[in-house]
Amino acid sequence: MPPRPCLPHMRRALPAAPVLLALAMAWMPTVMAVEPAAMAGAPAIDIGARLAAPAPIVQLVDAGDFKGAEAAIAAALGDASLTPDQRTALEFQRERMRRILMDFRLDAAGARERLRRDIPDMSDADFARWDAAGLVEARVIDGERRWFSRGPSNLYRLSEEARERRTTPLKFYDSPLEVAVHPHHVQVREAALASGERAVAPQRVRVTQSLTVKPDAVPAGETVRAWLPFPRAIPGQQEDIGLQATVPARHELAPESALQRTVYMEAPAVAGQPTEFSVSYALTVHAQYVDIDAERVVPAEITPELAPYVAERAPHVMFSDAMRLKSAQVVGDETNPYRIAQKLFAAVDSIPWAGAREYSTITNIGEHALEQGHADCGQQTLLLITLLRMNGIPARWQSGWIFSDGSYNNMHDWGWMYLAPYGWVPMDVTFGRLPGADAGIAGFYLGGLDAYRIAFNDDYSREFVPAKRHPRSETVDLQRGEAEWDGGNLYFDQWSYDFEWQLLPPVTDENA
């Protein structure tokens, strides 16, 4: 998609009183927009859909008219007949604006200064040219142009010219499994082809994940509540999960049925001290590989179980006109589901990776990826899921944490699609097509997964067990954890997180 030209800086007038009244009365369309997904058999209303305010208010926020949005929110909150959920949704739009301002905290001087650290000879004209091309992400908020805090570093992902002009060393923080063919890819494929099994090359790993609330983020004596991600058993993917310890020791482990599974803990805040939470466990992770023959693939029979995975799901999987156009351009007259999937996978894979805004600030993540022309792993995955579903190919979400046999680890999102007669097969469009390899290995991540990942989420935007009282910091994913107290949610700037792992010897009859 070509970059969108900059629009003039305009300050929008505050909505007139009749408009404010209309905003306050606009709940029915929002509720109805999520009904099709619920009626199709989805287990619950999406958290993002439940937090959606009336569309006119959401549109004011998306347009950068924060003053107009605040006036509309204040007017709507004056309606005494609002339900608690409706009031929370309106208040969350205020919080969303606060989070957007945190993400877009650079002015022009700050953005230029960031870039000149690595490109000392960058002129103002260079910056203006890159900015006009949409390569340094920015937006206008209440008439003031502001730049995304990760925009300067993202430029090196998006511009070959900027990469070449850096005077300081450049090393992207990427998994060794995505940048080149790895011996593990070969091992997995050969083992699967030799055995006829799709779950192969298991690894045993021990994990400790922690969340530390900063000193005095919560008043002394108040109870801090924390949720840390915890994997659920998935036969043939991750098994033999053993919880070893938590800090504090008292905890509540969500049931296996929780699609965003957590360990819940509480601890009192102590003045001047951090409040620490952690969980340690071990599990066995299997790699996946399915040798897909396109000639065997036929359109899937959409059973009631598969129906939710070909349906829209507000707010992030919607079959918009822009999505339909993109699908038509990519798919053409192809009818074979696997070849359609290959085309869509390649199209989304071609979108450059770049660091993303917090997901809770984005109204429709799939559409955002399509419009921006760059995306991170979750944005790419939701875009691909949307395009696959539009073409009658069931697709679903999975995410968690990836690691390595070295020092690399990171949060990551990927997915699964359903191909008859193979059933559910994995897809990781961010790792994409591996460079410099024969067809079998190059296409590893469309039908295969490595064994260096732990899935925490078999869906996105689902409630925790026990439920969180205040809106989450991350309304889509669960990888870093969540924390709150009676006074409200604790956002990411109020706590830190860590993920440590150790590869263990494989379990055998001798050392079991």
Side-chain angles (χ1 to χ4, degrees), residues 174-178 181-211 228-247 249 251 253-263 277-290 398-414 416 424-426 428 431 444-445 447-458 478-481 497-512:
D174 294 327
S175 167
L177 291 164
E178 66 178 308
V181 175
H182 189 280
H184 181 65
H185 298 128
V186 179
Q187 174 200 13
V188 170
R189 184 169 186 268
E190 289 181 349
L193 293 178
S195 66
E197 301 290 331
R198 63 172 62 188
V200 295
Q203 295 200 105
R204 189 77 179 163
V205 61
R206 178 186 294 129
V207 167
T208 296
Q209 188 157 1
S210 60
L211 185 158
L228 285 174
F230 192 84
R232 61 198 292 264
I234 306 172
Q237 184 179 355
Q238 50 191 38
E239 302 172 321
D240 304 322
I241 302 169
L243 175 61
Q244 297 179 340
T246 64
V247 176
H251 65 272
L253 180 62
E256 290 270 2
S257 58
L259 298 182
Q260 292 193 305
R261 197 182 188 196
T262 58
V263 174
F277 303 90
S278 68
V279 58
S280 299
Y281 56 89
L283 78 166
T284 300
V285 181
H286 297 262
Q288 311 286 316
Y289 187 82
V290 182
Q398 196 168 74
S399 68
W401 210 283
I402 55 177
F403 52 95
S404 66
D405 54 8
S407 60
Y408 178 85
N409 73 94
N410 209 346
M411 299 173 280
H412 192 52
D413 308 327
W414 61 96
W416 292 72
W424 287 105
V425 300
D428 188 338
F431 278 24
F444 181 90
Y445 285 103
L449 284 182
D450 54 75
Y452 289 92
R453 63 184 69 206
I454 299 170
F456 297 147
N457 307 294
D458 270 321
L478 168 65
Q479 292 154 317
R480 293 165 280 190
Y497 60 93
D498 197 14
F499 179 93
E500 300 175 350
W501 77 102
Q502 178 186 4
L503 292 174
L504 302 174
V507 176
T508 65
D509 293 339
E510 289 75 21
N511 64 18

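Model, not experiment: these values are computed from the prediction.
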(message) Please find the pair of heavy atoms, one from Gly236 and one from His286, that lie closest to each other, and give the distance.
(response) O-CB, 3.4 Å

(request) State, yes or no, whether a side-chain contact exists between Leu228 and Thr262 at a heavy-atom distance under 4.5 Å. (result) no

(message) For Arg232, give me all partners under side chain to side chain contact (heavy atoms under 4.5 Å, CB included), at least two apart in sequence or on another chain.
(response) Ile234, Glu256, Leu259, Arg261, Asp458

(request) Check whether NZ of the Lys or CZ of the Arg Arg189 lies under 6.0 Å from the centre of the six-membered ring of Tyr445 and within 45 degrees of that ring's axis. (result) no

(request) Could you tell me the separation between the CG atom of Asp240 and the OG1 atom of Thr284, rounded to the nearest 0.5 Å? (result) 4.5 Å

(request) Kindly say whether the aromatic ring centers of Tyr281 and Phe230 come within a distance under 6.0 Å. (result) yes

(request) Would you please test Ser399 and Asn457 for side-chain hydrogen bond (donor to acceptor under 3.5 Å, both in side chains) and show each step? (result) CA-CA 5 Å; Ser399 68; Asn457 307 294; 2.8 Å; yes

(message) Before you tell me yes or no, could you show the steps for His182 and Asp450 under side chain to side chain contact (heavy atoms under 4.5 Å, CB included), namely the whole-Å CA-CA distance, both residues' side-chain angles and the distance that decides it to 0.1 Å?
(response) CA-CA 10 Å; His182 189 280; Asp450 54 75; over 6 Å; no

(message) Looking at every heavy atom in both Ala455 and Trp414, which two are closest together, and how far apart are they?
(response) CB-CZ2, 4.1 Å

(request) May I ask you to decide if the ring planes of Phe499 and Trp401 are parallel, tilted or perpendicular, using 30° and 60° as cut-offs? (result) parallel

(message) Which heavy atom of Ala201 sits nearest to which heavy atom of Ala451, and what is that distance?
(response) O-CB, 3.6 Å

(message) Counting C-beta onward and ignoring hydrogens, is there a side-chain heavy-atom pair between Asp498 and Gln209 closer than 4.5 Å?
(response) no

(request) Flag the pair Phe431 / His412 as yes when their ring centroid distance falls below 6.0 Å, and as no otherwise. (result) yes

(message) If you apply the rule side-chain hydrogen bond (donor to acceptor under 3.5 Å, both in side chains), what do you find for Gln398 with Gln237, and how did you get there?
(response) CA-CA 12 Å; Gln398 196 168 74; Gln237 184 179 355; 2.7 Å; yes

(message) If you compare all heavy atoms of Ala287 against all heavy atoms of Val188, which two are closest, and at what distance to 0.1 Å?
(response) CB-CG2, 3.4 Å

(request) Give a yes-or-no answer on whether the side chains of Glu500 and Asn409 include a donor-acceptor pair shorter than 3.5 Å. (result) no

(message) With side chain to side chain contact (heavy atoms under 4.5 Å, CB included) as the test, pick out the partner of Leu283 among Leu504, Leu243, Ile454.
(response) Ile454

(request) List the atom of Val200, the atom of Glu197, and the distance in Å for their closest heavy-atom pair. (result) CG1-O, 3.8 Å

(request) Please report the closest heavy-atom contact between Phe403 and Arg453, naming both atoms and the distance. (result) CE2-N, 3.6 Å

(request) Please test Val425 against Arg198 for side chain to side chain contact (heavy atoms under 4.5 Å, CB included), starting from the C-alpha separation and ending with a verdict. (result) CA-CA 9 Å; Val425 300; Arg198 63 172 62 188; 4.1 Å; yes

(request) Mind running side chain to side chain contact (heavy atoms under 4.5 Å, CB included) on Gln203 and Leu503 for me, showing each step along the way? (result) CA-CA 7 Å; Gln203 295 200 105; Leu503 292 174; 4.1 Å; yes

(message) The test is side-chain hydrogen bond (donor to acceptor under 3.5 Å, both in side chains); show your working for Thr208 and Ser280 and say whether it passes.
(response) CA-CA 4 Å; Thr208 296; Ser280 299; 2.8 Å; yes

(message) Do Leu211 and Arg480 have side chains that approach each other closer than 4.5 Å (heavy atoms only, starting at C-beta)?
(response) no

(request) Walk me through it: do Tyr452 and Asp405 pass the test side chain to side chain contact (heavy atoms under 4.5 Å, CB included)? (result) CA-CA 8 Å; Tyr452 289 92; Asp405 54 8; 3.7 Å; yes

(request) Establish, for the pair Arg206 and Trp501, whether the NZ or CZ atom is under 6.0 angstrom from the six-membered ring centre and no further than 45 degrees off its axis. (result) no

(message) Do Phe277 and Thr246 have side chains that approach each other closer than 4.5 Å (heavy atoms only, starting at C-beta)?
(response) no

(request) State yes or no: are the ring centers of Phe444 and Tyr289 separated by less than 6.0 Å? (result) yes

